[in-house]
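Structure first, commentary second.
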Protein chains: 2
Amino acid sequence: MRARRLHLSFLSTTTTISLTLTPHSLTQRRVHFRNFSSSQIMRTLCVDSLNPAILNVEYAVRGELAIRAEHYRHLLQRPNHGLPFDRVINSNIGNPQQKGLDQPPITWNRQIAALTEYPELIEKAKDLFPEDAVERAKELLEEVGSIGAYSHSQGVPLIRKSVADFIAERDGHPADPGHIFLTAGASAGVALLLSMLIAKPGKSGVLIPIPQYPLYTATLAQYNGVPVPYHLDEKSGWSTSPEHILEALEKAKSEGIDVRAVVVINPGNPTGSLLTPAIQKHIVQICNDHGLMLLADEVYQENLHYRDEYPFTSFKKILCEMGNQADVALASFHSTSKGVTGECGRRGGYFELVKVDDEVLAQIYKMASVGLCPPVPGQVAVDCMVRPPKRGSPSYLRWKAETDAIHTALATRTKTMVARLNSLPGMSCQSANGALYLYPRIELPPRVIEAAHKAGKKADTFYALALLDATGICAVSGSGFGQRGDEGNFRLTCLCSGVEEYVGKLEKFHREFMEKYS
Amino acid sequence: MRARRLHLSFLSTTTTISLTLTPHSLTQRRVHFRNFSSSQIMRTLCVDSLNPAILNVEYAVRGELAIRAEHYRHLLQRPNHGLPFDRVINSNIGNPQQKGLDQPPITWNRQIAALTEYPELIEKAKDLFPEDAVERAKELLEEVGSIGAYSHSQGVPLIRKSVADFIAERDGHPADPGHIFLTAGASAGVALLLSMLIAKPGKSGVLIPIPQYPLYTATLAQYNGVPVPYHLDEKSGWSTSPEHILEALEKAKSEGIDVRAVVVINPGNPTGSLLTPAIQKHIVQICNDHGLMLLADEVYQENLHYRDEYPFTSFKKILCEMGNQADVALASFHSTSKGVTGECGRRGGYFELVKVDDEVLAQIYKMASVGLCPPVPGQVAVDCMVRPPKRGSPSYLRWKAETDAIHTALATRTKTMVARLNSLPGMSCQSANGALYLYPRIELPPRVIEAAHKAGKKADTFYALALLDATGICAVSGSGFGQRGDEGNFRLTCLCSGVEEYVGKLEKFHREFMEKYS
């Protein structure tokens, strides 16, 4: 209850400051709404009358730490803010194009967006756009008519065809546009499929990695599904152990849980770990042997820091190559929010279903149609991502230079950060092969655990809040990813420009913090 | 089961034809996927293993009729299609910018979209954009940084402020940006709030109008909520009777249903009816007396055919003017998909909460944050809708001419259609004050009911399928909106250009149909 109230107080502060009300009028507003809260309303719509599954949802990436960071950002606009830093560094969320971060949009994507939004430009501003971008925009407009119309609920057929071609080219195995669903980011697809798999509230389970991206536990909580955690192995670079999956599965079964599916995030979030094909094959085999659906979160497939040595292998490819050995239903999720595209705000993504029968497809299509259609600008972003300019075409060189620069910056920053974090006392950080994050670990001195306990916080959150208060760096603590909290992990994104300033601040804070508590 | 299979077979046809496979290869593909469906997969992911609540969802607007229409659209691409029409007329969905329909996008909206998507245009194509559009784009970019970044989960603060100003101006009562949530169309907001109100699966109920927009029953089915139907009164122009609401409420209570809220659609969908302020006040009073939340679907507030005589009054205004008389929690939904904006594909919308306490707001914020953020291009569309060009500004005259033309075309078309439908034998049609639809009624001869029964269809769907087969006109039958089916209603949109051809075809079909069956 205490945590909820804290959450709340920050929300109010935020929304109030965005209204530029003073603390005085904030108090007034509260009093005002308190007056509304008669027993009548309380009965209808007090928090305790809400769906209890909703109350159980936790979502740390935008939780307490993020809300406090937002609060500081507003305070910083005042001349005498009294904070010991002059900007908030958002290291909490994989939001590449966020203000103050380092990843610009790809020109190709934005040119096609502008042309499809405002087709008059095709005639009137010919010299501002390369020929291939104009051709692509015309092709998309010919298909959709207007970007402002609802599309097919499953996504624009032409764009689903582009996705299928991209998958076929990537894997060397064909893909069927009829089995591809465009979505509002990968999250929407994950939520839809999880909601369908939870057949028995409180009984149907889904295996999820710990640490995990909290979308999974949040969505399972919302639909009364049971999260069945399997632990990743930090000491082996956060690798996935098929044995851990099997143990977790057997334990859940023995508790009467009907385990329906396994979630694998590859490359990993928050860990940045990349699975080997041998382990992927092992996981598919487990799914086959135990009748599990495989939910493969592959949204970071493009973010690879050592792509020549360690390329991405999709679960679709593994499954196809196992042939009749594996009869496993697979959903593979991809997104325009990550990779070099980084268009989070557009809400684009897709999932491909493999070995899923037509009756189930019809049910998924029906549910997609209740939501009418995924955002069309997001669908256009998907097309741009899976059909970049061809080598030799007018847009190719610019596109190549821009995407190379993003890959290089991310890889360089990641490597620098790993080295510097590992040189800090009491801190260790596994290197990451992919994704946008690092997930270092602090050996928390007993006095920190004690102080955190007194403050009513998990130890890792206690550390992350102290980091935020001292430096303005907003990270997410490991307990937000499903860890206990005393392991002392936290997630940093590798998207922030100015590594020198950023890591420098973190180093200074960390040394002082460890000194204080040891 | 039969209906589900039919659904399915159309889905397969559609997706296959979009692949331009021949019927032969379609068969092959099916055989191929049948091979995958071993007992192993069937156990994990056969339709009967899915969440039963999902199987119960029905969604007619994009159901059997729409799927058959899509099938015909593909057939028409063949030279010898053998169909008795040469185009499909989509009268089934309020999708103003759909191909072949009549509502162009507003230039103001698209210019700002293009400028925010591709800010290079601000410098490079100055002469193509009016100054006020450039200023607006700069203001939005200053706020969001990049349109490709996740925004605040509740929506961009500046845009929520624009919405609050719009509401205050509309109603003459202040609005709080902290109580406004931007959404991916109104549907996403409706689904979120309904999911929160269903505290007890199978027991928590929500009053919904019949006929209703099927989003409500679909979403209630998905979350195991109980739809509590109250019937609208066709003979009085589809007015809402507070007595019917009370009767339905009392009946549900007597059956042990915990009724949480009432949904009111104003102007009505599918009816086009506009509530009088007196009836609105009466409804608010019922909510007050019975502790119900009021969910006001006001997405058609801009679509009014007699705006001087019958203006729109929001429930927010009614509630404010009732003062202490009514302690009712209200959610009012609005959308960029309807009105003169018509940007369905962008997925923009918002809801405003009134008299909802801060703890509940915090829960809603948390759930919004699990979905990360509403699509930013949709949010920009909301800003354009609620902050159109000011009188005297460079964009004003074009904006005024474009929006006037849309209002006039829709009103004229609606009136023409009402008159012509009412002149048909056995057909009556209430006139509509607003929205995008007409909901005529056919006195179905007993022989139609009999023939429908034999065909395993509801009578109204039997009629609508015959209409589609004969003319290519795709409408939605009344049973799709929650009616029994033998009342003989169906919904037509008033968005199709070429009323002469369209209504002409309908008239010819109707006379022949009635002759055949009487």
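Here the structure is a predicted model, which is why all the values come from computation and not from measurement. First the proteins, then the strands, lettered A, B, ... as listed; each starts at 1.
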Taking the side chain as every heavy atom from C-beta outward, state whether B/Tyr118 and A/Pro105 have any pair of such atoms under 4.5 Å apart. no
For side chain to side chain contact (heavy atoms under 4.5 Å, CB included), just list the numbers for A/Leu372 and B/Ser187, CA-CA rounded to whole Å, side-chain angles, deciding distance to a tenth of an Å, and then say yes or no. CA-CA 8 Å; A/Leu372 296 160; B/Ser187 313; 3.6 Å; yes
Sort B/Ala218 into side chain, backbone, both or neither according to what part of it lies under 4.5 angstrom from a heavy atom of chain A. side chain
To the nearest 0.5 Å, atom CD1 of B/Ile67 lies from atom OG of A/Ser369 at 7.5 Å
Identify which of B/Thr219, B/Val376, B/Ile198, B/Val57 forms the greatest number of heavy-atom pairs closer than 4.5 Å to chain A. B/Val57
Side-chain contact, heavy-atom cut-off 4.5 Å: B/Arg347 with A/Arg347? no
Distance col, row A/Gln97:CD vs B/Ile147:CD1, nearest 0.5 angstrom, shows 10.0 Å
Closest non-hydrogen atoms of B/Tyr150 and A/Gly94, given as atom of the first, atom of the second and distance, are CE1-O, 3.6 Å
Tell me yes or no: between the side chains of B/Thr116 and A/Arg110, is some donor less than 3.5 Å from an acceptor? no
Heavy-atom check, side chain of B/Asn51 versus side chain of A/Leu197, under 4.5 Å: no
Tell me, do A/Glu120 and B/Gln111 make a side-chain contact under 4.5 Å, heavy atoms counted? no
Of the backbone (N, CA, C, O) and the side chain (C-beta and beyond), which part of A/Gln222 lies under 4.5 Å from a heavy atom of chain B, both, or neither? side chain
Identify the heavy atoms of A/Lys366 and B/Leu55 that sit nearest to each other, and give their distance. NZ-O, 3.4 Å
Decide yes or no for B/Cys46 and A/Val360: does some side-chain heavy atom of the first lie under 4.5 Å from some side-chain heavy atom of the second? no
Nearest heavy-atom contact between A/Ala199 and B/Pro52 is O-CD, 3.4 Å
Any donor-acceptor N/O pair, A/Asn95 side chain to B/Ala149 backbone, under 3.5 Å: no
Do A/Glu117 and B/Arg346 meet the salt-bridge criterion of a basic N to acidic O distance under 4.0 Å? yes
Heavy-atom cut-off 4.5 Å, strictly under: side chain, backbone, both or neither for B/Leu121 against chain A? side chain
Is any side-chain heavy atom of B/Ile54 closer than 4.5 Å to one of A/Ser195? yes
From the list B/Gly145, B/Pro375, B/Ala381, the residue making the most non-hydrogen contacts under 4.5 Å with chain A is B/Pro375
Let me know which of B/Met293, B/Met196, B/Arg260 forms a side-chain contact (heavy atoms from CB on, under 4.5 Å) with A/Ser49. B/Arg260
Contact origin within A/Pro104 toward chain B - heavy atom pairs under 4.5 Å: neither
Ignoring hydrogens and geometry, is there a side-chain-to-backbone donor-acceptor pair from A/Lys124 to B/Leu128 under 3.5 Å? no
